[in-house]
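Have a look at the structure below before the remarks.
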Amino acid sequence: MIDQINSLKEEINSLKASSAQDAEALRIKYLGKKGIITALFNDFKNLTGDAKKTLGKPLNELKNLATEKITELKDSAAIIPDSALAELDLTRTSAPLPLGTRHPLTIVRNEITSIFSRLGYTIAEGPEIEDDWHVFSALNFAEDHPARDMQDTFFISRGPDVLLRTHTSSVQTRVMEHTQPPIRIICPGRVYRNEAISARAHCFFHQVEALYVAENVSFADLRQTLMYFAQEMFGPETKIRLRPSYFPFTEPSAEMDISCNLCGGKGCSFCKHTGWVEILGCGMVDPNVLDACGIDSKKYSGFALGMGVERITNLKYQVKDLRMFSENDKRFLEEFTSAH
Ligand code: DAH
């Protein structure tokens with residue numbers, strides 16, 4: 001057996017392979033289940049006494065040699081030979097890698113926050129699981145306000161005071177209770193409402209809230225900010241219009257419309273032939289809200305505004321069905337590849 005081992009060692013040392021397949025064939029020939037070296041190991045098991053003692057070491061050496069040699073052959077076969085390299089065009093552009101795309105809501109949210117950051121606003125965030133005080137009480141909601149009803153708000157079974165925030169105005173409360181003016185924040189985030197899911201309503205959606213509190217902040221400041229935002233977002237031709245409205249946390253309150261960006265204000269089916277589309281709610285922060293959060297309402301005033309990101313996205317990209325935003329259909333998401 002020792003002679004066989006020695007001649008196999010020589011044979012293995014002189015092995016050659018021109019491809020990875022050749023090398024694999026050699027591995028099977030020598031080391032495979034029915035390979036030559038494997039067979040020697042099987043014979044070795046039946047040996048006894050001195051023969052077993054003397055043959056163990058050389059047999060193992062043979063196996064190691066074969067393993068190393070064949071690995072080496074495989075590795076060098078993988079290297080492209082110079083002749084083949086000469087034919088490669090290394091200046092060719094590579095095949096395009098499929099890149100992911102940003103979600104349309106992310107694109108629009110980033111655009112909103114970037115417009116406000118140019119006005120000096122910084123981003124503030126708060127928890128989605130909230131308590132009644134931050135979402136309702138501090139924001140001047142009456143004890144029996146319908147938004148507090150189970151029909152509109154998701155309560156968490158842990159207790160009547162734990163709920164999913166219904167608007168990002170709760171982040172106002174969180175910032176104001178810990179910060180003295182001047183405050184200039186923009187609060188993007190997800191909100192939840194107990195609504196049946198349809199093309200026009202969802203049980204979760206996204207809002208961006210803005211809040212500015214300082215000395216002598218006036219309604220004119222609010223109007224100018226809104227105008228800047230609308231024209232940055234929808235183009236310099238955009239007109240705005242404010243209609244009186246009501247929110248518990250602002251006084252006076254207003255809703256803002258912009259001239260329809262599809263028909264330029266002439267009237268179309270999108271704006272129901274009015275030439276205007278509603279985009280957000282706003283107003284001067286109610287002094288009760290400032291006082292509830294520990295800010296002196298005699299010294300400071302402020303404005304707030306809140307908008308739905310889905311709504312702005314629909315206006316920009318005419319997405320007809322709200323459910324598209326959360327279905328993760330690649331065909332829909334890929335439409336926004338070039339949007340930003
Ligand atoms: N929180 C309101 C909502 O969810 C939106 C809103 C309206 C926010 C007026 C404001 C505001 O800050 O002043 O419908």
Side-chain angles (χ1 to χ4, degrees), residues 109 112-113 116 119 121 123-126 128 130 132-142 145-149 151-154 163-177 181 183-195 200-214 217-226 229-230 240-258 277-290 292-293 295 297 300-312 314 322:
R109 185 202 62 206
I112 300 170
T113 50
F116 278 92
L119 293 172
Y121 287 72
I123 292 177
E125 287 183 322
E128 292 180 7
E130 266 292 7
D132 177 280
W133 194 77
H134 289 93
V135 178
F136 298 127
S137 298
L139 291 168
N140 207 30
F141 279 77
H145 193 285
R148 293 184 138 148
D149 200 319
Q151 253 83 56
D152 294 301
T153 304
F154 286 116
L163 48 95
L164 294 179
R165 67 180 179 194
T166 54
H167 55 181
T168 44
S169 305
S170 56
V171 186
Q172 282 189 32
T173 323
R174 293 217 165 248
V175 171
M176 285 196 285
E177 68 181 333
I183 296 170
R184 211 180 330 210
I185 50 159
I186 180 107
C187 324
R190 182 175 277 192
V191 300
Y192 300 84
R193 285 187 201 173
N194 195 354
E195 303 249 11
R200 289 154 171 271
H202 212 296
C203 59
F204 65 78
F205 54 99
H206 300 79
Q207 288 188 332
V208 176
E209 179 92 8
L211 172 75
Y212 176 39
V213 185
V217 176
S218 71
F219 201 88
D221 297 322
L222 168 60
R223 197 177 190 289
Q224 194 56 36
T225 307
L226 291 171
F229 167 71
I240 66 165
R241 154 175 111 169
L242 292 171
R243 284 179 290 104
S245 184
Y246 172 78
F247 299 103
F249 35 92
T250 44
E251 182 57 39
S253 305
E255 266 162 313
M256 178 172 95
D257 298 339
I258 57 163
V277 282
E278 185 196 319
I279 67 162
L280 54 78
C282 58
M284 300 306 292
V285 181
D286 193 301
N288 287 344
V289 174
L290 295 175
C293 296
I295 291 177
S297 62
Y300 297 108
S301 56
F303 65 71
L305 58 101
M307 66 188 101
V309 183
E310 279 80 352
R311 173 128 191 97
I312 309 278
N314 287 349
L322 265 182

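Order of listing sets the numbers, starting from 1, for every ligand and every atom in it. FYI, the numbering just counts along the sequence from 1.
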| query | With sequence neighbours excluded, what pairs up with Pro188 under the side-chain contact (heavy atoms from CB on, under 4.5 Å) test? | reply | Arg109, Thr113, Ile123, Val208
| request: Flag the pair Glu278 and Arg311 as a salt bridge only when some basic side-chain nitrogen lies within less than 4.0 angstrom of an acidic carboxylate oxygen. | output: no
| query | So does Arg200 have more than 12 non-hydrogen atoms from other groups sitting under 6.0 Å from CZ? | reply | no
| request: Give a yes or no on whether Glu177 atom CD has more than 12 heavy-atom contacts from other residues, nucleotides or ligands under 6.0 Å away. | output: yes
| Which one of Thr173, Leu139, Ile295, Val213 satisfies the side-chain contact (heavy atoms from CB on, under 4.5 Å) criterion with Val289? | Leu139
Short N or O separations between ligand 1 and the protein, below 3.5 Å:
| unit_1 | atom_1 | unit_2 | atom_2 | d |
| --- | --- | --- | --- | --- |
| ligand 1 | 1 (N) | His167 | ND1 | 2.9 |
| ligand 1 | 1 (N) | Ser169 | OG | 3.0 |
| ligand 1 | 4 (O) | Arg193 | NH2 | 2.9 |
| ligand 1 | 4 (O) | Gln207 | NE2 | 2.9 |
| ligand 1 | 12 (O) | Glu209 | OE2 | 2.6 |
| ligand 1 | 12 (O) | Leu305 | N | 3.3 |
| ligand 1 | 13 (O) | Ala304 | O | 3.1 |

| query | Between Phe204 and His202, what is the ring plane arrangement, given parallel below 30°, perpendicular above 60°, and tilted in between? | reply | tilted
